[in-house]
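Reminder, nothing fancy here: chain letters follow the sequence lines and each chain counts from 1.
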Amino acid sequence: MSSKPEITGNEPAPRLNRAAIAKRAARDLVDGSTVNLGIGIPAMCADFLPDGVELLYHAENGILGFKELSAPGEGDPNLMDAGGKFPKLVPGMAFFDSVESFSLIRGGHIDVTVLGALQVSRSGDLANWVVPKRGIGSIGGAMDLAANAKKVVIAMEHNAHGDIAKIVEECTFPLTAPGCVDEIITDIAVIEIDRENGLMVLREVAPGWTFDDVQARTEARLEAADKIDQMA
Amino acid sequence: MSSKPEITGNEPAPRLNRAAIAKRAARDLVDGSTVNLGIGIPAMCADFLPDGVELLYHAENGILGFKELSAPGEGDPNLMDAGGKFPKLVPGMAFFDSVESFSLIRGGHIDVTVLGALQVSRSGDLANWVVPKRGIGSIGGAMDLAANAKKVVIAMEHNAHGDIAKIVEECTFPLTAPGCVDEIITDIAVIEIDRENGLMVLREVAPGWTFDDVQARTEARLEAADKIDQMA
Amino acid sequence: MQLYSAKTLRSVCDARPKDRTIRLVVPINKISNSFSEAVADIPSGASIMIGGFGGAGGQPTRLMLALRDLGIGDLTIIGNVAGISKTTGYGWPDDLDPIDQGMFFESGQATKITCSFPVPGTTNPLSEIEKAWREGNAEVDIVPQGTLIERIRAAGAGIPAFYTPTGVGTSVAEGKEHRDFDGRTHLLEHALTADFALIRAQKADTRGNLQYIGTSRAFNPAMATAARTTIVEVDEIVGIGGIDSERVGTLSTYVDRIVQRETGDYLP
Amino acid sequence: MQLYSAKTLRSVCDARPKDRTIRLVVPINKISNSFSEAVADIPSGASIMIGGFGGAGGQPTRLMLALRDLGIGDLTIIGNVAGISKTTGYGWPDDLDPIDQGMFFESGQATKITCSFPVPGTTNPLSEIEKAWREGNAEVDIVPQGTLIERIRAAGAGIPAFYTPTGVGTSVAEGKEHRDFDGRTHLLEHALTADFALIRAQKADTRGNLQYIGTSRAFNPAMATAARTTIVEVDEIVGIGGIDSERVGTLSTYVDRIVQRETGDYLP
């Protein structure tokens, strides 16, 4: 089971909020790419795209090119996103069935997917579909996306409730896909995964945080990048 | 190679012409079924449907529900049939791509296909795509249709030029599909294939022809049906 | 070029055990007068695909209600996102009480479901499927969504099995054949068929061609090809020519029965 | 439920050697100014899918002519019905001289073709492909049409291999793995990709969504998904919104380059 890292004293500085995590994740999204955002923090990336960046959003249920959602209480059940919300009809959208939708995913045509996680291991294994003690979970499109998107970014809170580590040496939760994660963006750090060498490289920390502060809240062994930047 | 059956004397009566073969084949097509007709005599079946019978014609290149062709010199290259001719646009047609077209075929959703043949064996093997001495041929959709249509009917002339048998004990030409033919309709006979028992049953003969006349022009051993009808 | 005689070839080729039942497409016979009539012959123990994605759009809600009212049991359901709308509102307008596949577990009619998303993230309140599973009354087979739809497509397309990279190194891979292609490991997955498919479309013509709208396609077109009998719920039945030939989403050959909803039905 | 650690699972799962090149869809960059510009970087030795079915409709004729004029050699062509229009008129209006894939064999630029229908029934006159084959200048790989399109589709859809009943007991089955499913023998067939796909559509929007018309779909949509670079010839380029969202036949993600034909081009 997940271990509790030893944390001494209070947090060195406030953690980023969920919107700030999304904003940081959005900064890495390349103009014009085909992107699938998971529910929660990942979906919020769409609200924080840098100027001049336009993405082609894909939803598993068969849309490419949707943008903002309809107002609550409005919207058309026949124009849903994969999270069960109702986007607005915009020009340039394309509708298709689930066969085509998952051909796009499995065929490696999604440039980036941003997903949430329960655990990520040092070698980039991802667990995000079932909590072992519950014994039943939902896979949905997560396994297809994690195994086949060109780039897999995890946007999540660094620790679970009770300061439980989510970034671990080895996942103890059932996997979504092994060795798939490229980058993790949390409320205290940006970590790149060098899968070839099985290394987690800490590239950025939240303002007021140090490598040691982050390592203390991370079960997996971290390497320091040559230069550790401040998240912004 | 194909053997020449021993034929003594002249033909007992005129053979049916190509149109009459098509007409006889058309008689067995069931109202409302999804049908794919090969080029040549099979395609002519469409001109001889019994009253009240309407078929849903499928062409490999992606149409369901076409009917008559445009006049020579007219027609739209974007509305072609699989034989390279141009049908007229009629209500109720559906257009689709080759993936869907062959899903329909391979998935067993074509009720009947009528094809031509170079050779058919007693056990229902079909050879219709390459003449060995030429060494190169075209498969097209023939292997998919022959292997997967619910019913495979061969409509052809009984013998090749020079009285060569086309209905043989075993095919010597490269096969299109083994054990696939249900019925053969020729210019002198209607033969049903009992594949389970490896028997060819002669059910009908052209007017003026007898079992022995047909057997003499057939390499494969024929069984006589309880009652042999006259083709009409 | 070599010559191949049937004798040498037959050694690798069994007789074809394919289904040779000729399925007619006589237009008039496809239209059912009511939802209850359309599902009347579904027996206990049947396997039933239910179309849509999850949520109201594209879900054959009236056919599902008719199936529930039929009162048969021991059903195997094949769906996608299943049974989470009632507890989370997923994919339903705010002003309506959601109806979802959980109804067959609430009623005890279904004993198994194959799907990709059977439970919501939260457990309060418990969904009907999770409740049935916890009480040992339902087997829940959780399949990655892309594998699920591809297995259904395969059944319709005459592909008995295929290899996919999805699920390798997870619990989904247990007991499955693994094989490397171009240095990457894949799983062998098999076609998934069913006795019946209940699907939803916007329009049918009297021949059975279907037109879909927006994201209501989802699992409907593939399920139409994969089940032995396909029953479709539509908003509107139109004459031949009432559907643009460029917009036929399901070919009439795949459709066995069509039922039209009442005009102004309040359910989406 | 069991727990699975990465360590035990990794034994069956190699690292993913997938292509991680991120392909941009910045609209403005997709439009090429000319057919020659659109094909300019195709090197000798490339494998090239050519869309359509055979015949004029759906064939990227202007791209083919530009490719021929590029003068590169040692090409592998992947097509369907190929090189029979010139000698038989197949699929061409009566008043035009047909242009077909035979041009690459006439010019000696292609050394191999994978297709389903490379020669017409008659040999007088010989088609360019048959001539090249007889002279030992071309390898001709003849594949059943349904297997060919499914292999192309598989390449785009991340399926490295699948089983099909088509071709069992024929020369097509030689050297292939056989396997029985439900008592019927099937062949293992592999995905078929290419360096480039030259395809044809009616319309593109500036983002790269494509709309097809009539029977001009054929091999075009699947080839668009399967090649590393997809180049499309269209009659018309429209703005975003100029294609009905319900009628997008190829998603913009698959399209790399678009070239518009001249208005009133006499070629179909």
Side-chain angles (χ1 to χ4, degrees), chain B residues 39-40 59-63 66 70 72-87 89 93 95-108 116 125-127 129-131 134-148 174-180, chain D residues 52-59 80-82 84-85 88-96 115-121 123 129-130 133-134 140 142-150 152-153 157 164-172 202 212-222 249 268:
Chain B
I39 52 172
E60 293 94 306
N61 61 319
I63 338 179
F66 64 101
S70 301
E74 291 177 14
D76 177 355
N78 290 323
L79 211 178
M80 193 180 79
D81 69 14
K85 308 293 183 200
F86 306 119
L89 185 69
M93 269 184 165
F95 301 125
F96 40 90
D97 79 344
S98 297
V99 173
E100 180 155 0
S101 192
F102 280 86
S103 294
L104 190 83
I105 296 173
R106 195 181 41 241
D125 297 347
L126 170 64
W129 74 273
V130 62
V131 180
R134 183 169 170 192
I136 190 169
S138 286
I139 296 173
M143 285 193 183
D144 290 282
L145 285 163
N148 299 298
L175 294 190
T176 303
C180 67
Chain D
F53 183 82
Q59 176 174 275
N80 177 37
V81 172
I84 73 163
S85 293
T88 67
Y90 180 92
W92 274 77
D94 293 346
D95 56 338
L96 288 173
C115 63
S116 83
F117 209 102
V119 295
T123 54
I129 292 177
E130 184 159 0
W133 175 80
R134 287 192 183 195
V140 181
I142 308 163
V143 179
Q145 194 165 140
T147 300
L148 182 61
I149 188 66
E150 188 70 12
I152 294 168
R153 186 241 169 208
T164 176
T166 302
V168 171
T170 77
S171 56
V172 160
Q202 184 195 19
Y212 299 97
I213 186 165
T215 53
S216 74
R217 291 162 169 86
F219 276 57
N220 288 306

Checklist entry - What residue in B/Gly83, B/Pro72, B/Gly75 has the most heavy-atom pairs under 4.5 Å with chain D? => result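 Looking at each option in turn, the highest pair count goes to B/Gly83.
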Checklist entry - With chain D, which of B/Ser138, B/Gly84, B/Gly62, B/Gly141 has the greatest number of heavy-atom pairs at distances under 4.5 Å? => result B/Ser138
Could you look at [X] and say if it's the side chain, the backbone, both or neither that has a heavy atom under 4.5 Å from chain D?
{"X": "B/Phe86", "result": "side chain"}
{"X": "B/Asp81", "result": "backbone"}
{"X": "B/Glu60", "result": "both"}

Checklist entry - Can any side-chain N or O of D/Asp94 pair as donor or acceptor with the backbone N or O of B/Gly73 at less than 3.5 Å? => result yes
Next on the checklist: Evaluate B/Arg106 against D/Thr164 for side chain to side chain contact (heavy atoms under 4.5 Å, CB included), listing each step before the verdict.
Outcome noted: CA-CA 8 Å; B/Arg106 195 181 41 241; D/Thr164 176; 3.2 Å; yes
Which one, [options], leads in non-hydrogen pairs under 4.5 Å with chain B?
{"options": "D/Ala82, D/Gly146, D/Pro118", "answer": "D/Gly146"}
{"options": "D/Gly52, D/Gly121, D/Gly57", "answer": "D/Gly57"}
{"options": "D/Cys115, D/Ala56, D/Gly55, D/Pro165", "answer": "D/Pro165"}
{"options": "D/Pro268, D/Pro120, D/Ser85", "answer": "D/Pro120"}

Hey, does [Y] have a side-chain heavy atom less than 4.5 Å from the side chain of [X]?
{"X": "B/Asp97", "Y": "D/Asn220", "result": "no"}
{"X": "D/Ile142", "Y": "B/Ile136", "result": "yes"}
{"X": "D/Glu130", "Y": "B/Arg134", "result": "yes"}

Item to check | Salt-bridge present (D/Arg217, B/Glu100; N to O < 4.0 Å) | outcome: no
Once rounded to the nearest 0.5 Å, what's the spacing between atom [atom1] of [X] and atom [atom2] of [Y]?
{"X": "B/Asp125", "Y": "D/Thr170", "atom1": "CG", "atom2": "OG1", "answer": "11.5 Å"}
{"X": "D/Ser116", "Y": "B/Phe102", "atom1": "OG", "atom2": "CZ", "answer": "7.0 Å"}
{"X": "D/Gln145", "Y": "B/Ser101", "atom1": "CD", "atom2": "OG", "answer": "7.5 Å"}

Checklist entry - Checking D/Phe53 against chain B: side chain, backbone, both or neither under 4.5 Å from a heavy atom? => result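 Answer is side chain: those atoms of D/Phe53 sit under 4.5 Å from chain B.
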Next on the checklist: What part of D/Val140 gets within 4.5 angstrom of chain B, counting heavy atoms only: side chain, backbone, both, or neither?
Outcome noted: side chain
Item to check | Check against side chain to side chain contact (heavy atoms under 4.5 Å, CB included), B/Met80 and D/Trp92 | outcome: CA-CA 9 Å; B/Met80 193 180 79; D/Trp92 274 77; over 6 Å; no
Next on the checklist: If you compare all heavy atoms of D/Thr215 against all heavy atoms of B/Asn61, which two are closest, and at what distance to 0.1 Å?
Outcome noted: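 D/Thr215 and B/Asn61 have their closest heavy atoms at CB-ND2, 3.6 Å.
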Checklist entry - With sequence neighbours excluded, what pairs up with D/Thr166 under the side chain to side chain donor-acceptor pair (under 3.5 Å) test? => result B/Asp144, B/Asn148
